[in-house]
Amino acid sequence: MITLVGVNGDYPPTNETGFQAFAESLPDPIVARWLNELEPASPIYGFRAANHIRHYERLEHNPEGFIVLGDAFCVFNPIYGQGMTVAAQQALLLDRLLHRWQDIHKKGFARRFHRKLARQLTIPWLLATGEDSRYPLTQGSDHSPVVRLLHRYLDRVFVAAAHDSEVALSFLKVMQMLAPPSILFKPRIVKAAIQARPSHDFRKSTNEMRRT
Ligand SMILES: Cc1cc2nc3c(=O)[nH]c(=O)nc-3n(C[C@H](O)[C@H](O)[C@H](O)COP(=O)(O)OP(=O)(O)OC[C@H]3O[C@@H](n4cnc5c(N)ncnc54)[C@H](O)[C@@H]3O)c2cc1C
């Protein structure tokens, strides 16, 4: 299976010629070479989605026994690979709560579950929307000075991660939701990030980034 992803209005077309051209525009020719050599087993399927959350925890009248989780509650941009982990965490949350409450139909259970679930979503939501808000064409993003500062810091973390295994491991743990983002602010990581020198600007358009 070959998946091409794009951001900031620069999306891979779903016709074979456009898909091939997009692959050829990438800095590394390997995917374009695969496309040339392999026989397609299916048509190209496109998927376009935004980070999307439905606030069931804010419902004034939550029907008892009506539980929402997974993508039905919150969809993430799939390029960050979070959806299944988050859905599994939510299933565990439901399991824990059911052990205590015993009955999904008990009065207040659905509201309690949705509130806890919304709290659990805070970090993954921040990770996905924070990254997407780097791009000028992203709608509804937060361009506050704090978020911009965070982006600059993370740019340095990326660079440090390329040659510092502790930084790389910490970053991966955060992205894969095995550790909270606070681990990226440990003195050891901050020092490595400060010493790193980003060689490219993530705020440049993605078209420009692909060419460079
Ligand atoms: C292109 C793409 C790539 C992704 N890559 C990753 C990744 O690398 N890592 C990751 O963690 N996540 C990834 N995700 C996200 C992940 O697939 C979802 O977050 C996850 O599948 C959500 O699980 P879910 O059970 O909530 O919903 P779904 O997996 O969508 O399951 C819902 C099910 O309900 C069925 N259904 C719908 N309506 C009805 C109905 N009326 N009656 C009966 N059945 C119905 C559907 O057919 C479906 O089987 C990706 C998503 C996409 C689109």
Side-chain angles (χ1 to χ4, degrees), residues 1-7 42 45-135 138-144 146-147 150-151 153-154 157-158 161 165-186 188-190:
M1 184 164 70
I2 292 182
T3 307
L4 294 178
V5 302
V7 290
S42 80
Y45 295 100
F47 180 82
R48 187 82 52 83
N51 296 305
H52 189 109
I53 191 162
R54 294 185 179 89
H55 289 284
Y56 284 96
E57 82 283 9
R58 293 184 193 160
L59 277 181
E60 273 180 36
H61 305 289
N62 208 132
E64 299 307 337
F66 180 66
I67 299 294
V68 182
L69 70 161
D71 276 16
F73 200 112
C74 181
V75 182
F76 298 96
N77 181 342
I79 68 171
Y80 304 118
Q82 294 172 303
M84 286 187 279
T85 307
V86 167
Q89 286 177 338
Q90 295 171 353
L92 289 173
L93 173 69
L94 182 59
D95 186 51
R96 277 199 304 277
L97 227 61
L98 270 176
H99 267 107
R100 226 177 301 144
W101 284 63
Q102 296 297 323
D103 184 357
I104 208 164
H105 295 95
K106 255 190 196 157
K107 193 168 166 32
F109 179 87
R111 173 179 296 252
R112 184 65 181 269
F113 173 72
H114 290 147
R115 286 194 175 161
K116 279 188 176 284
L117 188 148
R119 268 203 298 278
Q120 193 171 282
L121 279 172
T122 311
I123 299 291
W125 180 255
L126 203 75
L127 291 174
T129 55
E131 269 313 289
D132 280 348
S133 70
R134 284 174 183 275
Y135 304 105
T138 301
Q139 290 173 344
S141 11
D142 179 359
H143 295 298
S144 65
V146 176
V147 170
L150 205 62
H151 288 158
Y153 178 70
L154 283 176
V157 171
F158 292 148
S165 57
E166 190 181 332
V167 179
L169 199 63
S170 302
F171 178 72
L172 286 175
K173 278 185 180 168
V174 172
M175 285 313 287
Q176 294 175 8
M177 283 172 279
L178 295 168
S182 55
I183 67 162
L184 294 178
F185 296 93
K186 282 183 181 168
R188 161 78 178 77
I189 309 284
V190 173

Would you check if [X] and [Y] make a side-chain contact, meaning some heavy-atom pair closer than 4.5 Å?
| X | Y | result |
| --- | --- | --- |
| Q120 | V86 | no |
| Y56 | I67 | no |
| P181 | L126 | no |
| L97 | F109 | yes |
| Y153 | I189 | yes |
| I183 | V174 | yes |

Problem - Residue from D71, L127, L121, I53 passing side-chain contact (heavy atoms from CB on, under 4.5 Å) with F76 - result: L121
Exam field: side chain [X] to backbone [Y], donor-acceptor pair closer than 3.5 Å:
| X | Y | answer |
| --- | --- | --- |
| N51 | N77 | yes |
| K116 | L93 | no |
| E57 | A118 | no |

Please report the shortest heavy-atom distance between [X] and [Y], naming the atom on each side.
| X | Y | value |
| --- | --- | --- |
| A128 | Q82 | CB-OE1, 3.3 Å |
| F113 | V68 | CE2-O, 3.6 Å |
| A110 | G65 | CB-N, 4.5 Å |
| G130 | H151 | O-NE2, 2.6 Å |
| A91 | L69 | N-CD1, 3.9 Å |
| Y80 | E131 | OH-CB, 3.1 Å |

Nearest 0.5 angstrom please: [X] [atom1] to [Y] [atom2], how far?
| X | Y | atom1 | atom2 | value |
| --- | --- | --- | --- | --- |
| T85 | M175 | OG1 | CE | 10.5 Å |
| S144 | L150 | OG | CG | 9.0 Å |
| C74 | Q90 | SG | CD | 7.5 Å |
| W101 | R96 | CH2 | CZ | 15.0 Å |

Practice task
Report, as yes or no, whether the 6.0 Å neighbourhood of atom NE2 on H99 holds more than 12 heavy atoms from other residues, nucleotides or ligands.
Solution key: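 Check fails, neighbour count at 12 or below.
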Exercise for the section: Take R111 and L59 through the test side-chain contact (heavy atoms from CB on, under 4.5 Å) and record every step on the way to the result. Expected result: CA-CA 8 Å; R111 173 179 296 252; L59 277 181; 5.8 Å; no
Exercise for the section: Apply side-chain contact (heavy atoms from CB on, under 4.5 Å) to T3 and F47, showing your working. Expected result: CA-CA 10 Å; T3 307; F47 180 82; over 6 Å; no
